[in-house]
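Here is the structure we will look at.
Numbers here are sequence positions counted from 1. Quantities reported herein were computed from a predicted structural model and do not represent experimental measurements.
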Amino acid sequence: MFGILNFGTFVLAGILLNLTPGADTMYILGRSISQGKKSGIVSALGISSGAFLHCIFAALGLSILLAKSAIAFSFVKYAGAAYLIYLGIRALLSKAATTSEIFQEDEVAQNYSKIYISGVLTNVLNPKVALFFLAFLPQFIDPNYATSVLPFLILGLTFLTTGTIWCLMLALFSAKLAHKIRKNPKVKYWLDKTTGGLFIVLGIQLALSKK
């Protein structure tokens, strides 16, 4: 139906791939542990939105540019790496918060729009995600529908649905575990620094990655 082959196998494979730890998983964990539940949820939604854009790009054939052009691939890769390293440096340079400031964080809304956009950019500026969609989705599409947008979108949205559910569960669980220890200013300070270091490592890994 709709040019899709072995849909059940696709769903199972997609779930297994979503459960496999990757850069997105580490990003969400870092946000959730250091900044709390809401930040983790918003980050997960940002990551999913970025993946959705990759799905659209793949369906429209735009992602092929990254697959065929070394220059385009490198440009997006280094932009993404620079952005992650920038986020990491910001976290490393952040000042330690007092106990009253930590409790106030839970009452005063953070700039969730920035957190959401960071999640989107982290995913969109990772060319390996685009190549993943190009390599994975066509395996479950009838060759006669290879130029059709609909099967790409259906498979992409299915994969994103299971992925988003997993990411939200990850954000909620990790934030709950870290909630109490975050109330300690010294612990929160080192959690922020660890998160910053994690982002820098992810940025370096992306910069050194190949197709």
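- Heavy-atom minimum distance, Ile115 versus Gln35: CD1-NE2, 4.4 Å.
- Annotation: side chain of Phe152 is not in contact with side chain of Cys55 (no heavy-atom distance under 4.5 Å).
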Test log, rule side chain to side chain donor-acceptor pair (under 3.5 Å), inputs Ser43 and Tyr116: CA-CA 5 Å; Ser43 295; Tyr116 173 78; over 6 Å; no
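- Atom CZ of Phe10 sits about 8.5 Å away from atom CD1 of Ile141, to the nearest 0.5 Å.
- Applying the ring pair (Phe, Tyr, Trp, His ring centres under 6.0 Å) rule to Phe132 yields the partners Phe136, Phe159; only residues at least two apart in sequence or on another chain are considered.
- Taken from OG1 in Thr122 to CG in Leu84, the straight-line distance is 5.0 Å, to the nearest 0.5 Å.
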Under the side-chain contact (heavy atoms from CB on, under 4.5 Å) criterion, do Phe140 and Thr9 qualify, and how do the steps go? CA-CA 9 Å; Phe140 300 90; Thr9 303; 4.1 Å; yes
Could you walk me through whether Asp142 and Ile4 pass the side-chain contact (heavy atoms from CB on, under 4.5 Å) test, one step at a time? CA-CA 6 Å; Asp142 188 323; Ile4 296 174; over 6 Å; no
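- Clustering ILVMFWY residues whenever any of their side-chain heavy atoms sit less than 4.5 angstrom apart, transitively, puts Leu17 in the very cluster that holds Phe133.
- Here side-chain hydrogen bond (donor to acceptor under 3.5 Å, both in side chains) pairs that include residues 152-171, with residues two or more places apart or in two chains, are Asn18-Thr162, Ser48-Thr164.
- Listed by chain and number, the residues in a side-chain contact (heavy atoms from CB on, under 4.5 Å) with Met26 are Leu29, Leu198, Leu202 (sequence neighbours excluded).
- Note that OH of Tyr83 is 5.0 Å distant from CG of Leu121, once rounded to the nearest 0.5 Å.
- Residues satisfying the ring pair (Phe, Tyr, Trp, His ring centres under 6.0 Å) criterion with Tyr27, sequence neighbours excluded, are Phe199.
- Of the inter-residue distances, the one linking Asn6 atom CG with Gln139 atom CD reads 10.5 Å to the nearest 0.5 angstrom.
- If you chain together hydrophobic residues whose side chains sit under 4.5 Å apart, Ile33 and Met169 never meet in one group.
- For Asp24, the side-chain contact (heavy atoms from CB on, under 4.5 Å) criterion is met by Ile47, Asn123, not counting sequence neighbours.
- Linking Ile, Leu, Val, Met, Phe, Trp and Tyr residues whenever their side-chain heavy atoms come within less than 4.5 Å leaves Leu208 and Val201 in two separate clusters.
- Formation of a donor-acceptor pair under 3.5 Å by the Lys77 side chain with backbone atoms of Ala207 is found in this model.
- Closest heavy-atom contact between His54 and Ala130: ND1-CB, 3.4 Å.
- Phe7 is listed as a side-chain neighbour of Leu155, based on a closest heavy-atom distance under 4.5 Å.
- What you find for Ile28 and Gly40 is that their closest heavy atoms are CG2-O, 4.1 Å.
- In this structure, Leu92 and Ile200 have side chains that are in contact, with non-hydrogen atoms separated by less than 4.5 Å.
- Leu12 and Leu19 are assigned to two separate hydrophobic clusters, defined by single-linkage of ILVMFWY side chains at heavy-atom distances under 4.5 Å.
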Decide yes or no on side-chain contact (heavy atoms from CB on, under 4.5 Å) for Thr25 and Leu170, but give the supporting numbers first. CA-CA 8 Å; Thr25 300; Leu170 195 66; 3.4 Å; yes
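- Atom OG of Ser32 is separated from atom CD1 of Ile41 by 8.0 Å, given to the nearest 0.5 angstrom.
- Every residue two or more places apart in sequence or in another chain that forms a side-chain contact (heavy atoms from CB on, under 4.5 Å) with Phe52 is listed here: Ile56, Leu157, Leu160.
- Linking Ile, Leu, Val, Met, Phe, Trp and Tyr residues whenever their side-chain heavy atoms come within less than 4.5 Å leaves Phe173 and Ile165 in two separate clusters.
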